[in-house]
Number of protein chains: 2
Amino acid sequence: MARAVSSRGGERSRSAARANAPPVDPPAAKPRSLPAEARRAAILSAALEEFCARGYEGARLADVAKRAGVAKGTIYLYFADKEALFQELVRSMVSPVLGALTQLREVDIPARLLIETLLNTFVREVYGTRRRDIIRLILSEGPRFPAIAEFYYREVVGRVLAILRPLLQRAAARGELPGDALARFPQLIVAPMLVAVMWHGLFDKFDPLDVDEMVRAHVDILFAGRTG
Amino acid sequence: MARAVSSRGGERSRSAARANAPPVDPPAAKPRSLPAEARRAAILSAALEEFCARGYEGARLADVAKRAGVAKGTIYLYFADKEALFQELVRSMVSPVLGALTQLREVDIPARLLIETLLNTFVREVYGTRRRDIIRLILSEGPRFPAIAEFYYREVVGRVLAILRPLLQRAAARGELPGDALARFPQLIVAPMLVAVMWHGLFDKFDPLDVDEMVRAHVDILFAGRTG
DNA sequence: ATGCTATGACTGACCAGTCAGTCACCAAGA
DNA sequence: TCTTGGTGACTGACTGGTCAGTCATAGCAT
């Protein structure tokens, strides 16, 4: 959404008004030589912390700057505005796992192994990392950022579904699965992972959730009465 | 500090008869005589719209006031501040379903019927209503509102778990369920509902989800290979 | 010098919450 | 029945403060 663009318009005339400006003292040495890419990464990393802790609207770019060890203006040398920073953050966190997805494409392993691998990978690579918070951010802020929602559907959710469905269909045909329910709704496989992500942020302190154990229970249910 | 107010009063929850707020009110006549309870309800209803559309931080009380057909100051006659308004909104939406929960307590129906009833009730009373958006709000804003998260755990999640676990344990002992997986993690029953709620806000326009069908598929899986 | 990057004070906009004033309503007196 | 004065629910301009985004200036590198 972004609060309009605003503050457009040339306010050039201002400069004269500040004739008696305070003596600007630009002290301290600058760690200038830091590679541009590292600076970018530092800003993204700081943004991750702030957006996760406060949400999109609540996060302050001044805090991001301080955490990254740069001045506020520096952020604007690397990102067009707050929304662009947010979108790039999501992209930068999601992209690394996209590669892993396509690896699944051509394999043809037993359904149970496929699903166990998928869920354990999620627990290890998402639930056990900062990506868990990114998922929460996408879920929380997505409705107000159609661009993020679309990106995430196109690049992640849609791909996962497209890869899983034929695999599950074949597995069902082979009798490895109770029926075609999973092939029609692969979301049912991942649903408990969503619960885990949300539970962690909301209720873990009242009632901790053993995610590994839940995954095992879930797989047990999915394959109840079938051969492992 | 806020002028008295404190927004006491029962959580009657009102039926929000005037659901969608009056778009404009004649500037001349003052609807003074409108009952206080109706005015309160109008503000809550408007707050629902605004908080759902923009999130807690993004929602503007001026917009809530306009939508409710009152002046901004009037909100503060009924609610202490923005946070109190948000909390009362959540409470007012959640409370009505608390009664339905305790009805489950003493019944001892077959597990499949129990779970089907639970899920269909959720689809009808939550997914099919504005409460769906409240769930999304709780999930989105909960991490930053410990009071909301705790309230929701204590009043809803914890109760549901406490009610379901013994019922599921007995059903498992009776052989109606594949094992004790569901009794240990009743979250697995509700997980697809969470997916449905989040999907609706994010991806429905790219890829609509047939929730009723998904529920059926889910129940099929839970009871695969068992007698209905 | 020249062309970068970086800085942080500054600006305009915006918003939660306040409060002095308004006026619809009622009741008591004529 | 017709003033008239009191009451407080309601109003919205205003305040104090916040924050995204800008830009004149300063430093580093070559």
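Lettering of chains follows the sequences in order, A, B, ..., and the numbering in each one begins at 1.
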### Message
If the threshold is 4.0 Å, N to carboxylate O, is there a salt bridge linking Glu88(B) and Arg91(B)?
### Response
no

### Message
So if I take every side-chain heavy atom of Ala71(A) and compare against dC10(D), dT7(C), dA16(C), which nucleotide ends up nearest?
### Response
dT7(C)

### Query
How many Å lie between CD on Glu83(B) and C1' on dG17(C), as a whole number?
14 Å

## Note on the structure
Considering only heavy side-chain atoms of Tyr76(A), the closest of dC10(D), dG17(C), dT22(D) is dT22(D)

### Query
Roughly how many Å is it from OH in Tyr78(B) to P in dA9(D), rounded to a whole number?
8 Å

### Query
Does Arg40(A) count as lying over the ring of Tyr78(A), i.e. NZ or CZ under 6.0 Å from the six-ring centre, within 45 degrees of the axis?
no

### Query
Can you tell me how far C1' of dC15(C) sits from OH of Tyr56(B), to the nearest Å?
12 Å

### Message
I need the CG-C1' distance between Leu61(A) and dT7(C), as an integer number of Å.
### Response
16 Å

### Query
Listed by chain and number, what are the ring pair (Phe, Tyr, Trp, His ring centres under 6.0 Å) partners of Phe51(A), not counting sequence neighbours?
Tyr56(A), Phe86(A)

### Message
From CZ of Arg60(B) over to P of dG17(C), roughly how many Å is that when rounded to an integer?
### Response
12 Å

### Message
Heavy atoms only, 4.0 Å cut-off, all strands: where does Ala59(A) land among base, sugar-phosphate and nothing?
### Response
sugar-phosphate

### Query
What nucleotide, of dT7(C), dA9(D), dG21(D), holds the atom closest to the side chain of Val70(A)?
dT7(C)

### Task
Report the distance from atom CG of Asn120(B) to atom CD1 of Ile115(B), rounding to the nearest 0.5 Å.
11.5 Å

### Query
Would you say Ser95(B)'s side chain and Ser92(B)'s backbone share a donor-acceptor pair under 3.5 angstrom?
no

### Task
Would you kindly give the CG-to-C1' distance between Asp81(A) and dT22(D), to the nearest whole Å?
13 Å

### Task
Tell whether Lys72(B) reaches the base of dG17(C) with its side chain through a donor-acceptor pair below 3.5 angstrom.
yes

### Query
To the nearest angstrom, how far is Arg39(A) atom CZ from dC28(D) atom P?
12 Å

### Query
Out of dT7(C), dC10(D), dA9(C), which has the shortest distance to the side chain of Thr74(B)?
dC10(D)

#### Entry: Separation of dT22(D) C1' from Ile75(A) CD1 (nearest whole Å)
14 Å

